[in-house]
Colleague: 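Here you go, one structure.
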Amino acid sequence: MQKMRNILRLNRRLQVGSILILIFLIFGLVLPRFSPYNAIDWNVVPRNLPASKVHIFGTTSLGQDTFWLLTFAIQNSLFIGVIVAFFSTAIGVLAGLTAGYAGGVVDRVLSLLMDVFISVPSLPILILVASLLQGKTSLLTIGIALIVFNWPWPARQVRAIALSMREREFINTARFSGKGTLGIVVYEIFPYIFNWSVANFVNTVLVAISTESALAVIGLSSVQQATLGTMIYWALQYQGILGKKWYWIGSPVVAIVILFIALFLASTGFAEYSAEKRGRQSA
Amino acid sequence: MLKLRDVKAYYQTPKAVIQAVDGVTLDVFENEILGIAGESGCGKSTLLKVLYDSVQPPLKIVSGELTAEMKDENGQTVLLGPGEIRNHWWRFISYIPQGSMSVLNPVIKIETQFFDAISKKHNLNNKKEMHERIAAYLKELDLPVEVLNSYAHQLSGGMRQRVLVALGTFLHPQIVLADEPTTALDVVIQKSILLMLMEVQQRMKNSLVIVSHDMGVHYQITNRIAIMYAGKIVEVGPTEQVFNNPKHPYTQMLIQSLPHVGDRGERKGISGRPPSLIDPPKGCRYAARCPFVMDRCRETSPELIEVEPNHFAACYLNEMKGA
Amino acid sequence: MSDLLLEVKDVTKSFRIGGLVFGTELLALDHVTLSLDKQKPSIMSIVGESGSGKTTLAKLILKLHEPTSGDILLDGKSIYSAEHGLDHLDYLRAVQPIFQNPFETFSARKPVETYLYDTALKLKVAKNKNEARDVIAAALTSVGLDLNVAKGKYAHQFSGGELQRISIARGLIPRPKLIVADEPVSMIDASLRMNIVNLFLQLKEMYKVSFIYITHDLSTAYYMSDFIGVMYRGNLVEYGASDEILTNPQHPYTQLLLDSVPMVGKKWTRDIKAPDVELKEYQATACKFAGRCPFVRDICRETKPPMVTIDGIRQALCYKPVDYEPGRTTVKSETIAAS
Amino acid sequence: MRFARFLVSRLITYFLVILIGMTIVFFVPRFLPSDPISAALGRITSSGSTMTPAQVSAMRDTLEQLYGLQGTLPEQYFNFMSRALLTGNFGQSLSFYPMPVNQLIAQSLPWTVFLLLTSTIIAWVVGNFIGLLTGYRSGKWYSKALEGIAIFLYPIPYYILALVLIILFVYIIPVFPISFSVKGKPFSPEFISSAIFNSILPGLSIIIGAFGWWILSMKALSSGIAEEDYVNFARMKGVGSGTIMRRYVLRNAILPQITLLAISIGTIFNGALIAEILFGYPGLGTLTYTAVVQTDYNLLMGTISISIIAVATAALVVDLIYPLFDPRIQYR
């Protein structure tokens, strides 16, 4: 019975995660289209209004409607998260595959690079970059910096998988069936890596948003654009807590917590679900 | 002395019930080496788990009796049933596993793994004295004592297996169960370990039960042999008699299919595949592959009958000859 | 075009274990020379314990590793150097492998038949899918299987024996001259093993293909092969026709192996010596078996024994047949002192 | 002998991490569109003091000299590296003029080390213990509950935890002071007690932020190892369940957790940096933040270089503990 309940539980974790992410996608991508005003501009609405039917979450002391500001913030945060996750997973998988499969000096150099980029703390350098650009930092530069520090995590894992694959006998069978190295990497090794990299992609979205908003909270991300982090930053700058403006400070905090749990559930749920499926298939 | 009477032990998983051991009646006598032979999936390892009373879900004993006669400190015979035997693990009955590398804890010394087996239940817990006793026993088996102070990765495959034999026998248990003890080893080391097992058994006069798929191993060291096929014992008897005069078609085919150095005569493998143990066929399980199959074989499953003094076989052919 | 199908010329292979700085060298193959002629298809068994180098030799012949020194020729052409050696496609059409674990031979993620179609099409045995289907059907029938039995099925839907037959069929598609089988039957139950072994014998005649059979099992080696090479710690210690080698072994190690095999019908003798010293023996320069050999003499420990030829065709890497006289490398079997 | 190989490979990685880390720090200001000098000049002119062009170019020259931006690139690189790695002198700080940067760092580094060390160890030990329990006895109800908590806590980033803790324990239930205040002479009992009291909140945010991950990773490890052959054989030897958990499962499961700790020191440091800034904790993080706010270039370069070196050293130390737990590395 334990096995059956296990599979159900996994699906539940995957389902919960994906439903929550779907809600956030609607929140972040669909709703901003309907925003009556450009949520980022100041003094578009009267300041410090309590929650009401017109302004569901009230307004900020900068004259912005909190609810619509939140939708813009989610949109930008998701935008950064997906871009960074896509590129770092792509680069990571590529580097991991070449290191794992090529072996020899290539492997030694690449895995050394991975270890170095993992052990160097990314935030101090991001702070250096952001402070020098003095707030003119666009989301793009932040994105690039995040990619530089995130690709080694998937690379390490993919390299481990590729290394273990290389020893497997069916790789030799493929070679003796006339398959070239490229054919082997694409048709034999990639199916094993694909599921894992989807789970890693979702997880990297989480890491990217978290790092970006960390920078934003200390005012080093592009404070002009609305992201979950900058929203918290402005709330703190204008005494969001002292002034008990719970909607203004609270909504991004709660949004981050729910979004991150959703992303985590989806990524671990999917990883275990695919392992389960593969397990059943070759039981 | 261990007695099994028509024991059925099944693996109950949500997907299916696997009838791994399906009605086995077997005795393990004192001062003998009993071989359990059979190919992969015949249930011999499951039977060993039942004998050792280490039955955990999803494996469950569905029916039948298992009784063990243990001689306690002052020589009285105590009867033990399933669930009670496990309280006397290692002193009354011990177990020698197969995989030598993965069975020893890689990060603690070999000596600690000896202490683990004794200290708790056997009130021998001052380290100095225990070390002496173990070191002395290792000398008896001419094993280097430094083994105690080293780790598993420092030993060769053969040495690790010898340590497992020493570990399983140094409390002088009355019954020792060995699950394919030498399968993972090279032929030269295998011989030295099998000889070691024989010497230990002869010195301790206890019962040694060896599970192996290699008929040659059984021929060389066992006094009695039980042949298993698809969850049942199809033939059991003194090794000499079973090999010289096999009474079950499966045993005959198995022995006949083994190539010998020095004899190039044509050897035939058995056609077909063993039946699935999820819904085994009615009647004799070997019927599908047996060249002498009769209608009767497909209806009912033959019982073990005594065809020669304590040489049993489960096949209707013997009844006709006998009648 | 030489009259030798396969020549292994003085091949040595050493692996570096451990890192760049402190790693040690492990000598897996130590100057091995042997060959397989072309008159008629034959089966050569390479017998030895684990660590004897038999699998390394198979991997070298299968071009999965490169030798540290020496060369391997197929039909007189080196299989390694691309320019004047054998072109890789021709090599693939001439040499095919059979692996030990049938369940590892095929990926769990792809239907088994994709490998069959790849072999047929990529090795240019068939021009299109239909032609490939016929070639595959023929190969499968020759191993006792039917094409639609394998249609669209994955590896876990077959038994070990069936998978091994499919693996053999795949190897037969390009009608190779040589099949290198690394322990092909050790994972198959004893009772079913003989079906595959007999299949090898049939295919040898039917496809006129030679086999190199790597195994630790002397009995099957004796049963099915024409020649046997015995390997010990990277050296070929004895080579010759299989019925002579195993019935009248000249090298003490072959004798030790024979005495240790648990054979039905012949009880063991008790006296064997088997220390577990591993690494030290590798470095020992002279005869590597000296540490365990009952006939060892000083000469065996100091100088490397020559490869002695007996009656022109048999070979043994040992002083005993030449009565420990250095320099003598040929002898007649009658004159060998009764051991 | 194998330990020597392990040590050499770790030292190589250690020096490379510092070398490449510092090279990035060196090149970032030189390649970014806006260079530090115009940033500093902008700051000075915006604070009202008007300057003639001559004064501006003189100021630019002194700043260039102060920031070590003179000479060819390799020269700058060489003396930047030798100054940072060998002498550890990053020049004077502008905002705390004339205090040299390394003195400022010397004041704040011990605070960060104290905060980071204690909270990381607590999180690691507590997390691994709970993870071992949930993994080894995965059937039990409390395992599921603890795992649920870990799944809830792990994804929440440090700064959100910090904010939540501030809101809870500073505003709603005012237990802790708003700003970090320490009384008494350094290392007097009063000083120590107030220091500990004030670092409870930042410490807590790091602990809660990190220990969720240790629970989950240890649970996966220990439930995997519980199925290993040597654990089953230990059961068959009649070894008690407690001994099995401690000596068979934990001793093997802890090894990858030590390597993981060494690798994740960088990420834990990132979290601590932010927690310090939000709580105003007087560590390296706050010092970095002031350097950013004041665009104090020398202080910025100093704090960031020291962070990289500190993280690399901490990772090396943790790595060197590993062989003590894994005999396969010590003994040939």
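Worth knowing before you read on, the calculation uses all heavy atoms, side chains too, and leaves out hydrogens, waters and symmetry mates. In what follows, chains are A, B, ... by sequence order, proteins preceding strands, each numbered from 1.
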Colleague: Under a 4.5 Å heavy-atom cut-off, does chain C meet the side chain of Arg273(B), its backbone, both or neither?
Modeller: side chain
Colleague: Looking at Arg264(B) and Asp243(C), what are the two nearest heavy atoms and their distance?
Modeller: NH2-N, 3.8 Å
Colleague: Is the terminal nitrogen or CZ of Arg267(B) (NZ for Lys, CZ for Arg) located under 6.0 angstrom from the six-membered ring centre of Tyr223(C) and within 45° of that ring's axis?
Modeller: no
Colleague: Looking at every non-hydrogen atom in both residues, tell me the closest pair between Pro259(B) and Ser219(C) and how far apart they are.
Modeller: O-CB, 3.5 Å
Colleague: Measure the spacing between CG of Leu258(B) and CZ of Arg193(C) and express it to the nearest 0.5 Å.
Modeller: 9.0 Å
Colleague: Which atom names give the shortest non-hydrogen contact between Tyr222(C) and Asp263(B), and what distance separates them?
Modeller: CE2-N, 3.6 Å
Colleague: Counting only non-hydrogen atoms closer than 4.5 Å, does Asp189(C) touch chain B with its backbone (N, CA, C, O), its side chain (CB onward), both, or neither?
Modeller: both
Colleague: Among Lys268(B), Met215(B), His218(B), Glu266(B), single out the residue with the greatest number of heavy-atom pairs under 4.5 Å to chain C.
Modeller: Glu266(B)
Colleague: When only pairs under 4.5 Å are counted, which of Ala221(C), Ser159(C), Gly161(C), Gly160(C) shares the most heavy-atom pairs with chain B?
Modeller: Ser159(C)
Colleague: Strictly by modelled atom types, are Ser191(C) and Glu39(B) linked by a side-chain donor-acceptor pair under 3.5 Å?
Modeller: yes
Colleague: Do Gln190(B) side-chain atoms and Ser260(C) backbone N/O form a donor-acceptor pair below 3.5 Å?
Modeller: no
Colleague: Any donor-acceptor pair under 3.5 Å linking the side chain of Lys267(C) with the backbone of Tyr219(B)?
Modeller: yes
Colleague: Which atoms of Gln256(B) come close to chain C, meaning under 4.5 Å heavy atom to heavy atom: side chain ones, backbone ones, both, or neither?
Modeller: neither
Colleague: I want to check something: taking the side chain as every heavy atom from C-beta on, are Val261(C) and Val261(B) in contact at a cut-off of under 4.5 Å?
Modeller: no
Colleague: Begin from the C-alpha positions of Asp259(C) and Lys191(B) and carry the test side-chain contact (heavy atoms from CB on, under 4.5 Å) through to its verdict.
Modeller: CA-CA 9 Å; Asp259(C) 293 345; Lys191(B) 177 174 180 179; 4.1 Å; yes
Colleague: Measuring from Leu218(C):CG to His260(B):NE2, what's the distance to the nearest 0.5 Å?
Modeller: 13.5 Å
Colleague: Using modelled atom types and a 3.5 Å cut-off, is there a donor and acceptor pairing between side-chain atoms of Asp186(B) and backbone atoms of Ser50(C)?
Modeller: yes
Colleague: Is Asp214(B) in contact with chain C via its backbone, its side chain, both, or neither, using a 4.5 Å heavy-atom distance?
Modeller: side chain
Colleague: Could you look at Ile196(C) and say if it's the side chain, the backbone, both or neither that has a heavy atom under 4.5 Å from chain B?
Modeller: neither
Colleague: Would you check if the side chain of Asn195(C) reaches a backbone N or O of Ser271(B) as a donor-acceptor pair within less than 3.5 Å?
Modeller: no
